[in-house]
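To start, the structure under review is shown below, and the notes come after it.
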Amino acid sequence: MSSQTASADPIELLESAFRSAIAGALGDDYAETDPIIKASQNPQFGDYQANFAMGLAKKLGRKPRDLAQEVVDALDLSAVAEPAEVAGPGFINIRLKPEALGRLLDAMDDDELGVRPDPDPHSVAIDLCGVNVAKQMHVGHLRSTIIGDAIARIYERRGRKVFRENHLGDWGLPIAMVIDQLRRAGTDLDRLTLTDLDRAYRDAQLSAKADIRGLARAMESPHAGPHRRAELEEQNASAHEAVESAKRTLVRLQQGDPEIRADWEKLIRVTMDAVYESYELLNVKLGPENNRGESFFRDRLTDVIDAFVREGVAEEDEGALVVRFEDRDRPLLIRKSDGGFLYATTDLAAVRFRVHDLGATRVIYVVDARQRDHFRDIFDAAKKIGWDRTADGAAAELVHIPFGAVLGEDKRPLKTRSGENITLRSLLIEAIERGTHEVIRRSEDPAAPTHGAPLEELKRTGKAVGIAAVKYADLSSDLVRDYVFNFDRMIAFEGRTGPYLQYAHARVCSIFARAEMDPDSLREVAVLPQEPAEKSLALMLLRYGSIIADTARSLEPHRLCTYLYDLADAYSSFYQQCPVLKADDPSIRGSRLRLCDLTRRVLEDGLDLLGIEAPRRM
RNA sequence: GCCCCGAUAGCUCAGUCGGAUAGAGCAGCGGUCUUCUAAACCGCAGGUCGCAGGUUCGAAUCCUGCUCGGGGCGCCA
């Protein structure tokens, strides 16, 4: 069994051994040299390699191979590895002994599975989802929600306190316009449907556009003669009136008018009820407790402006208040010339709150890539005024995860055939239907483990499969890239997909089901990987902790996705080549069962961090 | 016009701090089933790492210029 202090990560072990060897060979001045230990790409070069010799030799004006040999001579790895070998221009190859692999696997065999706690005791704030009140969730919200949830799970897994911050668009003129639109249309807000809301939102947006952009632009046009101008003004009169009316409603909302306030709350309830339903379908850990939207910050905006003025970080420009930056022309506007606030003002209030009040040393914005420039401005403005420091003085890092767009087969943003946005709900329903269809169809095979399973279970599994398909497809490539949404490809049970990983997990489960044994009874059985396929699997298992640390640091969930596939792949090869239940020797059988058990637990844990369920049979 | 991002096999994508012969999946071709779940495994084939220079013992990776595609750019959010 594991001790609390032993690291299960061979890389850490090798790093410290090499550091002492380098210090021993070259003197204590070199004790801090990074030995650059990496897992070898090719088994012919051993399990791990140390790549420091070439760079260091250059600095010292020496031959890399000589230097490498000198360090190898000072190296004592006899307890864990075969003698290290110098190869090529100066690589040092290391091959671990089976007994060492066994000990390391023992060390990771507890609930942590080799994942070490994050040393930073501060919290993390993650801005995700970002729904707008009066608007259905659409595919645009998909990525922010599932990426944000996965990153939150990974930080929580490393022991950090995570605040999932759902920065709702629940305040300001857009909402007032919808309320106003509904009231003028005489809609009964107690019988309000999402469709009503959608229509009102769209109509309100059209009015605003016609008024603010259309008229202003057309009137400035040199081609607009007096006749044309009169015509335009007439056309825009109703739009203009709509916006004026909405502005009056906004004032009443801001002043706390009970009637408007009650309508506002009804809007939020209708919107959020549907949103919570989507969260349930998506299997994300989000709920009312995560809502902290624009309305939450509305009373703090004046303070933001005051602070920027007081600290001399903002200045007036054409009546507006702006923050200027040394390295770019365009300033950040934080107050309009009419005295109104902008979304930048709210975002600055949110930065202040997350760092100062929530004590987060990492504030992560999971918002699409189009807002890159905006967040750069916000972060730089926050730094200028010193809001990147927690109350206890720790430096806070503000990070934007600029994810790419979800595209249709035509490489344009995903829309329905008629050009409407696809609702998130309809997309998830289709994923679940497809998953359920597959699971039920396969259960009809009399040889299938799910044959005869209750329909309830099949449906539950089908939902898990459909959602896994969508999530894995979304999380498995570099987030910054756009990707083409393709159901057929992502739900395939072959290849790098969510369902394949779930299947790999279910296959391991079936071994224990067939053996009718409790994996916990294996705890005292020795694990000793000897066959090449066993060793590969063991090495893969031992990487788990560092993969989780890398994923948290880099905020790149696709690293974990790639790893889990590689682990499933290593397991499949092992499973093909090494009989487990049919192994003649009981000690080999026990050792292999422990490899199976560890694989199953890492797959289940890793999938959970991606927000993907791992059914025991499918 | 200015700024940002992307380009790797037919298709979809990995590629760690610059390291050994650039790797997967899908599609294609050929094998392995009285199965430990074949939703699998093994093998073959497939490359101007967008282009041109540069730095380096070593470049898909770093620097400069360019091409193509996408996005953003002061009083909307």
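None of these values were measured; they are calculated from a predicted model.
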Symbol by symbol from the 5' end, with Watson-Crick or G-U pairs under 3.5 Å, [ ] crossing and | another strand, RNA chain B is (((((((..((((.....[...)))).(((((.......))))).....(((((..]....))))))))))))....
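The separation of B/A27 from B/U64, taken at their C1' atoms, amounts to 40 Å, rounded to a whole angstrom. Rounded to the nearest Å, the gap between the C1' atom of B/G15 and that of B/G47 is 14 Å. Taking the C1' atom of each, B/G23 and B/C49 are spaced 12 Å apart, rounded to whole Å. Using C1' as the reference atom, B/A39 and B/U48 are 38 Å apart when rounded to the nearest Å. Comparing the P positions of B/G50 and B/A7 gives an interatomic distance of 8 Å, to the nearest angstrom.
Residue A/Lys411 has no polar side-chain atom (N or O) positioned under 4.0 Å from OP1 or OP2 of B/G70. Between A/Lys336 and B/C76 there is a side-chain N or O to OP1 or OP2 distance below 4.0 Å.
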Protein-proximity profile, nucleotides 13-28 of chain B, B/S/- by nucleotide at the 4.0 Å heavy-atom cutoff, equals SSSBB-BBB--SSS--
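A/Arg559 and A/Ser554 form a side-chain donor-acceptor contact under 3.5 Å, judged by distance and modelled atom types alone.
In this structure a side-chain-to-backbone donor-acceptor pair under 3.5 Å is present from A/Arg592 to A/Pro579.
Distance CD (A/Glu444) to C1' (B/A39): 16 Å, rounded to an integer number of Å.
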